[in-house]
Amino acid sequence: MNLKELLHYTYVFPILAVGYYVSGLMGSGIIFDIIAGILLTGSVISAVHHAEVVAHKVGEPFGTIILALCITILEVALIISLMVAGGDQANTLARDTVFAAVMLILNGILGIGILVGGVKYYEQFFARTSATTYLVSIVSILILTLVLPNFTSSVNGPFYNRAQLIFVSIACLVIYGVFLMVQTVRHRNYFIVPDEHPQEHYIPSFQKTMLSFAFLVICLAIVVLMAKGLSGTIESMVQSIGAPKSLVGVIIAAVVLLPEGLAAIRAARSNQIQSSLNLALGSALASIGLTIPAVSVVCIMYDIPLVLGLDKKDIILLSLSVFIVMLSLSRGKTNILYGTVLLVNLAAYIFTVIVP
């Protein structure tokens with residue numbers, strides 16, 4: 001690679017963001033926080049670019065899996081660090097963030113992708129078997145982690161006791177592990193659409209791919225670190241508008257999901273709806289299938305109470321979202337109505353978070 005390529009914004013923004021974070025200027029005032037927000041946004045856009053380079057090299061579905069796992073690992077790191085620092089006041093943070101991530105993915109990322117693709121191409125086609133495989137896994141884990149705790153009787157409240165938490169964590173890992181085997185080995189063809197013009201795609205070199213993978217990790221890490229650094233500002237903003245604390249989880253999830261969301265929307269806009277679905281639904285599955293077990297281990301080790309069960313309002317919104325997604329993806333093709341309905345669901349979720 002030459003000097004001109006290395007001075008591309010996708011390399012410059014992450015380096016500037018790292019330097020700014022290390023300098024300790026964040027939190028020194030509103031101007032410094034605005035600069036941090038600009039660098040964070042630049043790092044998000046850079047992450048999308050580097051993720052696409054890696055995806056082009058390794059091919060589907062491995063490219064989308066790499067991005068989903070990277071984001072999930074960093075989401076877990078952010079949740080755990082905030083929970084350990086926040087003590088009992090943060091015992092709902094994991095639930096709020098995971099629930100927000102699922103709602104943003106199923107309604108927001110999926111909805112925008114379907115709407116953008118529908119506006120440009122009228123209809124887009126994908127493999128129904130892939131959507132079914134994703135949704136079977138997602139629905140099972142959602143019920144086990146976010147709904148069932150409200151109906152167990154060993155512990156009062158939306159909690160699991162230690163034995164139940166261990167069982168549910170193992171169940172999540174088993175489902176996600178078998179899903180990965182299905183996606184990458186036994187039924188890989190479910191998640192791949194044959195490329196009609198393979199000669200048109202640029203395949204990056206091994207050197208460029210490894211550099212992009214390194215910068216992808218750097219971008220995702222600095223996004224999470226800067227989001228954590230700005231968490232105090234975010235909490236103050238939420239309190240100033242009189243919104244409940246659960247809105248903090250929504251904002252954290254939105255920041256963490258920005259790279260994957262932008263990549264999924266760009267894929268739909270390029271008429272690659274299968275890749276868009278792989279990114280969105282794969283991220284939702286990884287978010288709940290890996291985050292809950294990881295957070296459970298930390299909560300058991302540090303004896304932190306972990307609230308998992310959703311309240312009735314959230315259960316209704318989650319059920320509505322899952323039901324609409326299942327109907328929207330049942331025919332193997334999309335149009336603008338599906339995307340519009342999903343975005344209305346997202347608006348209803350965010351509105352009821354701010355005005356419960």
Side-chain angles (χ1 to χ4, degrees), residues 64-86 90-109 134-135 137-149 158-160 162 164-180 183 217 220-221 223-225 227-228 231 246 248-261 264 279-302 304-310 314 318 321-322:
T64 54
I65 292 173
I66 289 173
L67 183 55
L69 290 177
C70 285
I71 289 178
T72 302
I73 290 169
L74 295 170
E75 179 186 3
V76 169
L78 179 60
I79 291 173
I80 290 174
S81 62
L82 291 175
M83 285 188 71
V84 172
N91 58 5
T92 62
L93 182 64
R95 180 199 65 184
D96 293 340
T97 305
V98 169
F99 176 57
V102 171
M103 294 295 286
L104 289 172
I105 293 167
L106 294 183
N107 295 298
I109 296 176
Y134 276 118
L135 291 172
S137 307
I138 290 171
V139 171
S140 177
I141 295 178
L142 280 174
I143 298 300
L144 288 174
T145 56
L146 300 181
V147 178
L148 187 59
F159 300 92
Y160 277 136
R162 178 171 295 193
Q164 292 169 334
L165 202 55
I166 293 172
F167 170 80
V168 168
S169 298
I170 293 173
C172 290
L173 293 175
V174 168
I175 291 173
Y176 188 71
V178 174
F179 170 83
L180 281 184
Q183 186 182 24
V217 174
L220 296 175
V223 164
V224 172
L225 290 172
K228 181 183 176 183
S231 61
S246 56
V248 176
V250 177
I251 296 172
I252 291 173
V255 171
V256 173
L257 290 171
L258 264 178
E260 193 145 24
L279 280 163
L281 296 178
S283 179
L285 181 56
S287 179
I288 53 173
L290 298 178
T291 300
I292 296 299
V295 171
S296 297
V297 169
V298 173
C299 289
I300 290 173
M301 289 175 56
Y302 288 92
I304 299 174
L306 178 61
V307 176
L308 283 178
L310 298 171
D314 289 338
L318 178 62
S321 300
V322 170

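Start at 1 with the first residue, then count along the sequence. Bear in mind that the values here come from a model prediction, so they are computed numbers and not experimental data.
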Show me the side-chain donor-acceptor pairs of residues 164-175 shorter than 3.5 Å, one per line, residues at least two apart or across chains.
{"unit_1": "Gln164", "atom_1": "OE1", "unit_2": "Asn161", "atom_2": "N", "d": "3.0"}
{"unit_1": "Gln164", "atom_1": "NE2", "unit_2": "Ser154", "atom_2": "OG", "d": "3.4"}
{"unit_1": "Ser169", "atom_1": "OG", "unit_2": "Leu165", "atom_2": "O", "d": "2.8"}
{"unit_1": "Ser169", "atom_1": "OG", "unit_2": "Ser296", "atom_2": "OG", "d": "3.4"}

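- The side-chain hydrogen bond (donor to acceptor under 3.5 Å, both in side chains) test applied to Ser137 returns no partner, not counting sequence neighbours.
- Counting heavy atoms from C-beta on, the side chains of Leu308 and Phe159 never come closer than 4.5 Å.
- Summarising the geometry of Ile141 relative to Gly289, their closest heavy-atom pair is CD1-CA, 4.0 Å, with the distance given to 0.1 Å.
- When every heavy atom of Ile138 is checked against every heavy atom of Ile288, the shortest pair comes out as O-CD1, 3.8 Å.
- Pairing each heavy atom of Ile109 with each of Gly261, the nearest pair is CD1-CA, 3.6 Å.
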Could you pull out all donor-acceptor pairs under 3.5 Å where a side-chain atom in residues 95-105 meets a protein atom, sequence neighbours excluded?
{"unit_1": "Arg95", "atom_1": "NH1", "unit_2": "Gly309", "atom_2": "O", "d": "2.9"}
{"unit_1": "Asp96", "atom_1": "OD2", "unit_2": "Thr92", "atom_2": "OG1", "d": "3.4"}
{"unit_1": "Thr97", "atom_1": "OG1", "unit_2": "Leu93", "atom_2": "O", "d": "2.8"}

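- Side-chain contact between Leu106 and Val322 is present, with at least one heavy-atom pair separated by less than 4.5 Å.
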